[in-house]
Amino acid sequence: MDFELRRAREKLEKEQRDRIQKAKLKLEREKKAKQEAIRQREAIEAVQRARRLDAAQAQAKATQQIEEELLAGRGVAFSRVLEAVPYEGAGDKIKLPPSCFTELSDQGAFDKGPLHFRVSVVHQSSPSDLKDAEQNNRTTHAGVLEFTADDGVVGLPSHICSNLFPAEFPMVPMVEVCYVWLPKGTYAKLQPVEAGFSDIPNHKAVLETSLRQHATLSEGDVLTVNHGVLTYHLRVLELKPSSSVSVLETDIEVDVIGADPTAESTSQPVLHPLVLGKLDSGVVAEGSYVYYKFQIDDHNWGRLTLGDAEIEVKIESENQDGDTDLYISRHPLLFPTQHQHSWSSHDIGSKALVLSSRDLGLGPGTYSIGIYGFKGTTKYKVSVNIQEKSKSRIGLEAFSVSSTLSADADTVECENCKHYIPSRSIALHEAYCRRHNIICQHTGCGVVLRRDEVKNHVHCEECGLAFQKEEIEKHKKVFHAPLTCPCGIVLEKERMVQHQSLECPLRLVTCRFCGDMVQAGSSAADVRDRLRGLTQHESVCGSRTAPCDSCGRSVMLKDMDIHQVAVHQKN
């Protein structure tokens with residue numbers, strides 16, 4: 001009996017303990033649930049507070065941006081995110097959709113002067129991928145060319161594309177275009193990326209011509225300046241009065257400093273300075289050019305005009321398996337070639353060109369030397385010297401002229417060599433002359449040759465000129481091989497040089513109005529311009545107006561000289 005009561009009591013106690021334990025567990029679960037609910041409510045409230053804060057900050061930022069745009073645009077707020085599409089064009093003027101014209105017109109932007117825009121790359125990479133962050137933050141400025149682009153698209157010229165995307169053009173580039181007001185520039189400091197820009201004659205005029213196609217300048221941008229077939233890049237280092245300026249209808253002072261010495265070398269030819277009287281050495285490969293420049297100042301030109309001195313340009317070849325050609329031109333032709341040059345020498349091995357005041361086109365100024373690798377790789381030494389004329393040479397020339405003009409009464413002409421010989425020794429001379437000398441029978445030649453020299457004396461089949469046997473092959477390649485002009489005509493060398501100097505519509509000429517090297521083009525459309533000798537480019541370029549220095553009236557540049565004579569009686 002006691003055993004059963006004990007078991008019942010133990011069972012009851014156990015049930016009570018289980019109920020108590022379950023109650024405790026239930027209380028703990030309810031407590032944890034309440035705590036979790038509190039945490040979730042606090043997290044939700046924190047997220048909501050953060051969203052409200054972000055929204056407030058975004059609203060403040062948008063308001064600030066609108067205020068800044070209104071301030072930058074002087075009351076005009078215009079901003080569009082558009083897809084960038086490149087188009088072939090010079091300068092910095094972009095193409096916008098017609099809807100932009102309507103929005104800008106409604107805000108009176110056209111009444112505030114020329115339109116300028118800030119163009120910046122829209123950041124498209126993910127937050128974890130910031131490799132292109134620097135490129136995606138690039139900004140430049142532009143003018144507007146026309147409002148003909150498709151909706152959602154902006155047309156960018158090559159200048160804007162290269163400054164916004166210097167590495168590569170992305171697949172779907174997005175840019176932000178904002179209207180801004182820019183002050184007129186007063187000063188710009190530029191630095192060429194490549195060497196040689198300062199060698200261009202009147203290079204500031206060339207730069208001015210290029211800047212006419214621009215509406216703005218921004219610090220850090222790179223300008224592309226074309227001069228004939230040459231292309232130069234100039235980096236904008238400093239601008240005044242602000243970091244971005246307008247270059248429309250303003251006189252801006254431009255300072256071009258020396259080229260960047262750390263820039264990588266390019267395949268573009270460069271003029272190496274050559275000092276008179278000093279040797280310079282180098283190596284030229286077959287089919288390539290190496291260029292030098294030297295200068296004739298007024299003092300040396302005075303010596304040349306007196307006839308006491310002459311200029312010798314000399315090339316000494318240091319190896320026998322190579323050969324070079326020598327071309328010389330006077331600036332503005334910077335880089336003489338086999339098609340375009342003023343003087344040339346095609347002797348085998350070492351060669352020299354002697355120039356005097358009697359040579360047409362020679363005068364004080366800067367000259368270029370082009371060394372062309374005709375065969376193989378050639379090591380050479382080049383020098384330019386002003387040498388005194390030898391008095392003995394002058395006397396010899398005078399003696400030979402006088403002896404040619406008059407024959408002595410006691411002389412007889414040799415029937416073989418046609419020289420005048422004293423009559424007392426004519427028989428002995430003729431016997432010796434017929435035995436050892438032979439006259440070249442080629443029409444127009446008549447040169448007296450020794451018998452061992454006859455086999456090396458040959459005439460060109462094309463032009464009839466006489467050469468040594470080893471020289472005739474090079475002569476035919478240089479002077480008689482057909483050359484094709486870029487305009488399509490095929491001519492031999494001498495005719496090609498004349499064609500590209502005077503006739504070719506693609507030849508480069510210096511415009512008398514802008515100073516740039518431009519293609520001559522065809523004849524001017526205006527008959528009066530053709531009578532003035534203006535090229536097609538000069539006819540258009542000369543139609544620009546400029547104020548007269550005397551009366552301030554706007555006159556076309558090509559009529560300025562007539563205006564000065566007719567109105568102001570100036571010669």
Side-chain angles (χ1 to χ4, degrees), residues 89-93 113-119 138-143 145 157-160 162-164 166 180-263 266 268 270-271 293 331-332 334 366 508 510-518 537 541-542 544-547 549 557 560:
D92 65 348
K93 296 179 176 63
L115 301 181
H116 301 112
F117 299 91
R118 182 178 68 247
V119 185
R138 296 187 67 87
T139 299
T140 187
H141 292 79
L145 180 65
S158 57
H159 168 78
I160 301 295
S162 61
N163 282 287
L164 291 181
V180 294
W181 179 87
L182 295 179
K184 291 185 177 182
T186 58
Y187 173 80
K189 180 188 288 187
L190 308 178
Q191 182 181 39
V193 177
E194 307 92 352
F197 179 74
S198 59
D199 293 328
I200 299 177
N202 201 8
H203 58 274
K204 287 196 174 183
V206 176
L207 179 60
E208 179 184 352
T209 302
S210 178
L211 286 177
R212 287 199 196 104
Q213 300 171 336
H214 288 257
T216 67
L217 282 179
S218 300
E219 290 183 359
D221 280 1
V222 177
L223 297 174
T224 300
V225 179
N226 295 314
H227 181 68
V229 297
L230 304 175
T231 300
Y232 297 95
H233 299 89
L234 289 86
R235 190 177 304 279
V236 182
L237 299 183
E238 182 183 354
L239 294 170
K240 292 180 182 179
S242 66
S243 59
S244 300
V245 298
S246 170
V247 295
L248 296 175
E249 301 175 357
T250 181
D251 292 329
I252 183 169
E253 179 187 354
V254 179
D255 185 14
V256 181
I257 64 175
D260 185 2
T262 61
T266 63
Q268 194 161 271
V270 177
L271 292 174
K293 64 177 180 179
H331 290 192
L334 296 178
T366 306
L508 298 177
T510 303
C511 175
R512 67 187 75 181
F513 302 115
C514 66
D516 196 5
M517 288 284 287
V518 295
H537 167 84
C541 187
R544 295 182 293 110
T545 60
D549 294 335
L557 295 176
M560 187 66 73

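Remember, it's a predicted structure, so these values are computed and weren't measured experimentally. Counting from 1, the numbers follow the sequence of the chain as shown. Note: hydrogens, waters and symmetry copies are ignored here, and every other heavy atom, side chains too, is used.
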Legend entry - NZ on Lys240 to NZ on Lys189, rounded to 0.5 Å: 8.5 Å
Inset, instruction - Taking atom types as modelled, find out whether Ser218 and His141 have a side-chain donor-acceptor pair closer than 3.5 angstrom. - result: yes
Legend entry - Shortest non-hydrogen contact from Val245 toward Pro241: CG1-CD, 4.0 Å
Inset, instruction - Take His331 and Leu271 through the side chain to side chain contact (heavy atoms under 4.5 Å, CB included) test and state the conclusion after the steps. - result: CA-CA 12 Å; His331 290 192; Leu271 292 174; 4.0 Å; yes
Inset, instruction - Please round to the nearest 0.5 Å and tell me the distance separating atom CG of Asp251 and atom NZ of Lys184. - result: 9.5 Å
Inset, instruction - Answer whether the closest heavy-atom distance between the side chains of Val236 and Leu190 falls below 4.5 Å. - result: yes
Legend entry - Main-chain N/O of Thr366 paired to Lys293 side chain as donor or acceptor, under 3.5 Å: no
Inset, instruction - List the steps and the verdict of side chain to side chain contact (heavy atoms under 4.5 Å, CB included) for Leu230 and Leu334. - result: CA-CA 10 Å; Leu230 304 175; Leu334 296 178; 4.2 Å; yes
Inset, instruction - Check whether any side-chain N or O of Asp92 sits under 3.5 Å from a backbone N or O of Ala215 as a donor-acceptor pair, and report yes or no. - result: yes
Inset, instruction - Could you grab the distance from atom CD1 of Ile252 to atom CD of Glu208, nearest 0.5 Å is fine? - result: 11.0 Å
Inset, instruction - Supply the atom-to-atom distance Ile160 CD1 to Thr216 OG1, rounded to the nearest 0.5 angstrom. - result: 6.0 Å
Legend entry - Atom of Leu207, atom of Phe197 and distance for their closest heavy-atom approach: CB-CZ, 4.4 Å
Inset, instruction - Could you tell me whether the side chain of Thr140 reaches within less than 4.5 Å of the side chain of Leu164, counting heavy atoms only? - result: yes
Legend entry - Minimum side-chain heavy-atom gap Leu237-Ile257 below 4.5 Å: yes
Legend entry - Nearest heavy atoms of Pro166 and Asn163, plus distance in Å: CD-O, 4.0 Å
Inset, instruction - Report yes if the side chains of His116 and Ser244 come closer than 4.5 Å at any heavy-atom pair, otherwise no. - result: no
Inset, instruction - With the side chain counted from C-beta on, respond yes when Leu223 and His159 share a heavy-atom pair under 4.5 Å apart, and no when they do not. - result: yes
Inset, instruction - With the side chain counted from C-beta on, respond yes when Ser210 and Asn226 share a heavy-atom pair under 4.5 Å apart, and no when they do not. - result: no
Inset, instruction - For residues Gln213 and Ala90, report the shortest heavy-atom separation together with the two atoms involved. - result: OE1-CB, 3.2 Å
Inset, instruction - Return yes if some donor-acceptor pair links the side-chain N/O of Thr209 with the main-chain N/O of Ala205 below 3.5 Å, else return no. - result: yes
Inset, instruction - For residues Glu253 and Asp255, determine if any side-chain heavy atom of one lies less than 4.5 Å from a side-chain heavy atom of the other. - result: no
Inset, instruction - Say whether, by atom type as modelled, one donor and one acceptor occur between the side chain of Arg544 and the main chain of Leu557 under 3.5 angstrom. - result: no
Legend entry - Distance-minimising heavy-atom pair for Pro183 and Ser242: CG-OG, 3.4 Å
Legend entry - Donor-acceptor pair, side chain of Gln191 and main chain of Leu234, under 3.5 angstrom: no
Inset, instruction - Could you tell me the separation between the CG atom of Leu211 and the CG atom of Leu217, rounded to the nearest 0.5 Å? - result: 6.0 Å
Legend entry - Shortest non-hydrogen contact from Phe513 toward Cys541: CB-SG, 4.0 Å
Inset, instruction - Measure the shortest side-chain to side-chain distance between Val206 and Tyr232 over non-hydrogen atoms and say whether it is less than 4.5 angstrom. - result: no
Inset, instruction - Nearest 0.5 Å please: distance from the CG atom of Asp549 over to the CE atom of Met560. - result: 7.0 Å
